[in-house]
Chemist: 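Encoded as structure tokens, here's the structure I'll be asking about.
What you are looking at is a predicted structure, and each value in this text was computed from that prediction instead of being measured.
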Amino acid sequence: IRIGNLKPDTTYYIRVYARDAGGNIGKTELFTVRTAAAPDTTAPMISSVTADNLTATGVTIAWTTDEVSDTQVAYWIGGGAHTSTPVDSAMVTSHSVTLSGLSDSTTYSYRAMSKDPAGNLTLSADFSFTTPTPPDTTAPEVSEIMVLNAVDQDPNTPGLQLDLGSSATYHATASDANPVTWQWKYQ
């Protein structure tokens, strides 16, 4: 006997009755049957996608899903080839991937990707971030000096004070005998 139109993931109680030619009725004990769960065909929903901890060479991409799923990010520059991170197969709802080795002063596009245990894959919308220019750590070079104001600060120790702008004052000292010694100081 085949029973149809049963709901998935539902418990049914079944008893079978039989009647013989003489009209006698027999029955089985009551037994329980549970139908299989319906296959999961719904992909996870991705939300709250962010790009945090942005540096000149790296960023952390984070997002959440409404069901447990794995973690992966695809990223690219302009219309170029996509690079994908390795899949983190841990089934979680809070996801995070750190990208490193990026180029500074570059705009990257990216998308979050998550697949649930049933294999349903979802992709976020495309987002972008721009890596900043790294801080300037090179000291300035003095290429030309013009004396704007010379003041003898001490008759016994000749000295010049050179005003080269409002943001810095440079000092120079000289001795009566050669050579001349220069001292530069930011103020």
Chemist: Judged by modelled atom types alone, do Thr98 and Thr60 share a side-chain donor-acceptor pair under 3.5 Å?
Modeler: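 Distance-only check passes for Thr98 and Thr60.
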Chemist: What distance separates Asn120 CG from Ser69 OG, expressed to the nearest 0.5 Å?
Modeler: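 It is 10.5 Å, given to the nearest 0.5 Å.
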Chemist: Determine, stepwise, if the pair Ser47 / Thr64 fulfils side chain to side chain donor-acceptor pair (under 3.5 Å).
Modeler: CA-CA 5 Å; Ser47 60; Thr64 59; 3.0 Å; yes
Chemist: Any chance you could pull the hydrophobic cluster mates of Leu121, using side-chain heavy atoms under 4.5 angstrom and chaining through other members?
Modeler: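 Leu121 clusters with Met113, Leu123.
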Chemist: Can you name the closest pair of heavy atoms from Tyr110 and Ser128 and give their distance?
Modeler: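 Heavy atoms of Tyr110 and Ser128 come nearest at CE2-N, 3.8 Å.
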Chemist: Is a side-chain N or O of Thr28 found less than 3.5 angstrom from the main chain of Val16, in a donor-acceptor match?
Modeler: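 Flag set: sc Thr28 to bb Val16 pair under 3.5 Å.
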Chemist: Working to the nearest 0.5 angstrom, can you tell me the gap between Phe129 CZ and Leu54 CG?
Modeler: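 Between Phe129 CZ and Leu54 CG, I get 6.5 Å after rounding to 0.5 Å.
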Chemist: Determine whether more than 12 heavy atoms belonging to other residues, nucleotides or ligands lie under 6.0 Å from atom CZ of Arg15.
Modeler: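 Counting other residues, nucleotides and ligands, CZ of Arg15 exceeds 12 neighbours.
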Chemist: Examine distances only and state if a side-chain atom of Thr106 and a backbone atom of Thr131 form a donor-acceptor pair shorter than 3.5 Å.
Modeler: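 Absent.
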Chemist: Looking at every heavy atom in both Ala43 and Asp116, which two are closest together, and how far apart are they?
Modeler: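 So the minimum-distance heavy-atom pair works out to CA-OD2, 4.4 Å.
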Chemist: Ignoring hydrogens and angles, state whether a donor on the side chain of Arg111 or Ser124 is under 3.5 Å from an acceptor on the partner side chain.
Modeler: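 Not at all, the side chains of Arg111 and Ser124 share no donor-acceptor pair under 3.5 Å.
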Chemist: If you round to the nearest 0.5 Å, how far is CD1 of Ile61 from OG1 of Thr50?
Modeler: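 One gets 7.0 Å once the value is rounded to the nearest 0.5 Å.
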Chemist: His95 and side chain to side chain contact (heavy atoms under 4.5 Å, CB included): which single residue from Ser48, Ser114, Pro44 fits?
Modeler: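 Answer after filtering Ser48, Ser114, Pro44: Ser114.
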Chemist: Donor-acceptor pairs under 3.5 Å, side chain of residues 80-88 to any protein atom, not counting sequence neighbours: which ones?
Modeler:
unit_1, atom_1, unit_2, atom_2, d
Thr85, OG1, Val73, N, 3.0
Thr85, OG1, Val73, O, 3.4
Asp88, OD1, Ala90, N, 3.1

Chemist: So, taking the atom named CD in Gln72 and the one named CG in Asp70, what distance separates them when rounded to the nearest 0.5 Å?
Modeler: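 So the gap between those two atoms works out to 7.0 Å.
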Chemist: Please determine whether the number of non-hydrogen atoms from other residues, nucleotides or ligands lying under 6.0 Å from atom CZ of Phe31 exceeds 12.
Modeler: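 Above 12, so yes.
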Chemist: Within the 4.5 Å heavy-atom criterion, are Lys115 and Thr122 side-chain neighbours or not?
Modeler: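 Contact flag for Lys115/Thr122 side chains = no.
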Chemist: Taking all heavy atoms of Leu102 and all of Gly58, pick out the closest pair and write down the distance.
Modeler: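 Residues Leu102 and Gly58, closest heavy atoms: CD1-CA, 3.9 Å.
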Chemist: Supply the atom-to-atom distance Thr71 OG1 to Met91 CE, rounded to the nearest 0.5 angstrom.
Modeler: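 Nearest 0.5 Å value for the OG1-CE distance: 8.5 Å.
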Chemist: With a 3.5 Å distance limit and no angle check, can you tell me whether Asp126 reaches the backbone of Ser109 through a side-chain donor-acceptor pair?
Modeler: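 The answer is no, because no donor-acceptor pair under 3.5 Å joins these two groups.
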Chemist: When rounded to the nearest 0.5 angstrom, what distance separates OG1 in Thr35 from CD1 in Ile3?
Modeler: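 Answer for the OG1-CD1 pair, Thr35 versus Ile3, is 11.5 Å.
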Chemist: Does either side chain, that of Thr107 or that of Thr130, offer a donor lying less than 3.5 Å from an acceptor on the other one?
Modeler: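 Yes, because at least one side-chain N or O of Thr107 sits under 3.5 Å from a partner of the opposite role on Thr130.
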